[in-house]
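Comments concern the structure below.
Source: prediction; values computed, not measured.
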Amino acid sequence: MNPAGEPWNYESVQALLSLAREGIPVSVISLKLKRPVTEVRAKLNDLGVTPAAEV
């Protein structure tokens, strides 16, 4: 996966959307995609996707 700060590629965005649709919390998505939580939240916001609530 891409390290933090790298641009989002198609595969990363698809993985992000898939995880978000499964209801995975942002903190877990961040770990899986190896990106900072703030970066994951920002990309979800750009895509108009509401993240799952943290448990």
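- In this structure, CD on Glu39 lies 9.5 Å from CD on Glu6, to the nearest 0.5 angstrom.
- Of all heavy-atom pairs spanning Val40 and Ile29, the tightest one is CG1-CG2, 3.8 Å.
- Nearest heavy-atom pair, Leu44 versus Ala20, reported as atom, atom and distance to 0.1 Å: CD2-CB, 3.9 Å.
- Listed by chain and number, the residues in a side-chain contact (heavy atoms from CB on, under 4.5 Å) with Leu31 amount to none (sequence neighbours excluded).
- Interatomic distance, Glu22 CD to Leu17 CG, rounded to the nearest 0.5 Å: 11.5 Å.
- For Glu54, the side-chain contact (heavy atoms from CB on, under 4.5 Å) partners are Pro25, Val26, Ser27, Arg41, not counting sequence neighbours.
- Nearest approach of Ala52 to Gly23, heavy atoms of both residues: CB-O, 3.2 Å.
- Using a 4.5 Å heavy-atom threshold, the side chains of Ser18 and Arg21 count as separate.
- To the nearest 0.5 Å, atom CZ of residue Arg35 and atom OG of residue Ser12 are 5.0 Å apart.
- Looking only at side-chain heavy atoms (C-beta outward), Leu47 and Leu16 come within less than 4.5 Å of each other.
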